Amino acid sequence: MDTTTVEKYRAIIRQVINKYAQFKPSHGNIRTEAIIDPEHDHYELIHAGWDGPNRIHGSVIHIDIIGDKVWVEYDGTSTGVVDDLEEAGIPKEHIVLGFKSPRMRKYTGYAVA
């Protein structure tokens with residue numbers, strides 16, 4: 001993947017992560033944190049805090065750029081972050097559904113690796 005394409009994909013991922021970062025959980029005292037690391041091409045949105053006596057800490061979205069592909073490692077959104085990536089201009093053949101087993105990826109219509 002050329003440098004221009006990588007920069008375009010970084011900007012799209014940042015835009016998508018920041019869009020979801022604006023939504024605060026409807027209950028509890030839970031922070032939403034966007035982790036944007038373009039140096040290592042690691043992008044994540046996490047929730048951290050408390051919902052009553054229960055500790056909340058976990059990933060909502062996890063995306064990496066590995067080699068020439070955008071890897072969606074985890075999608076905890078109700079709408080589907082992959083749709084957002086495609087609508088913003090990342091083609092299916094450049095997206096790997098990392099949360100699907102390698103054996104099943106060939107049936108998804110997305111890149112296999």
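Because the structure is a prediction, the values reported are computed rather than measured.
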* For the student: nearest non-hydrogen atoms of A111 and E93, plus distance -> CB-O, 3.4 Å
* **Minimum heavy-atom distance G80-D75, with the two atoms named** => CA-OD2, 3.3 Å
* To do: Say whether, by atom type as modelled, one donor and one acceptor occur between the side chain of D51 and the main chain of N54 under 3.5 angstrom.
  => no
* Asked: What about V60 and I36, same hydrophobic cluster or not, with Ile/Leu/Val/Met/Phe/Trp/Tyr joined at side-chain heavy-atom distances under 4.5 Å?
  -> yes
* For residues 78-106, which residue pairs qualify under ring pair (Phe, Tyr, Trp, His ring centres under 6.0 Å), counting only residues two or more places apart or in two chains? -> Y9-H94
Could you list the donor-acceptor pairs under 3.5 angstrom formed between side-chain atoms of residues 65-72 and any protein atom two or more places apart in sequence or on another chain?
none

* **Within one Ile-Leu-Val-Met-Phe-Trp-Tyr cluster: L85 and V6, side-chain cutoff 4.5 Å** => yes
* **Check: L97 main-chain N/O paired with R105 side-chain donor or acceptor under 3.5 Å** => yes
* Asked: Taking side chain as C-beta onward, heavy atoms only, is T77 less than 4.5 Å from L45?
  -> no
* Those residues that, when tested against R31, pass salt bridge (Lys or Arg N to Asp or Glu O under 4.0 Å) (two or more places apart) -> E33
* Structure fact -> Between I12 and A88 the two heavy atoms that sit nearest each other are CD1-O, 3.2 Å
* Not counting sequence neighbours, which residues clear salt bridge (Lys or Arg N to Asp or Glu O under 4.0 Å) with D64? List them please. => none
* What pairs of residues pass the ring pair (Phe, Tyr, Trp, His ring centres under 6.0 Å) test when at least one of them lies in residues 42-70, not counting sequence neighbours? -> H42-H62
* When hydrophobic residues are tied together by side-chain contacts of less than 4.5 Å, even through go-betweens, does Y74 share a cluster with V96? -> no
* Give a yes or no on this: more than 12 heavy atoms of other residues, nucleotides or ligands lie within 6.0 Å of atom CZ of R55. => yes
* Structure fact -> Shortest non-hydrogen pair, I17 vs A34, comes out as CG2-CB, 3.7 Å
* Side-chain touch E86/V82, heavy atoms, less than 4.5 angstrom -> yes
* Hydrophobic cluster mates of I46, side-chain heavy atoms under 4.5 angstrom, ILVMFWY only, any path? -> I35
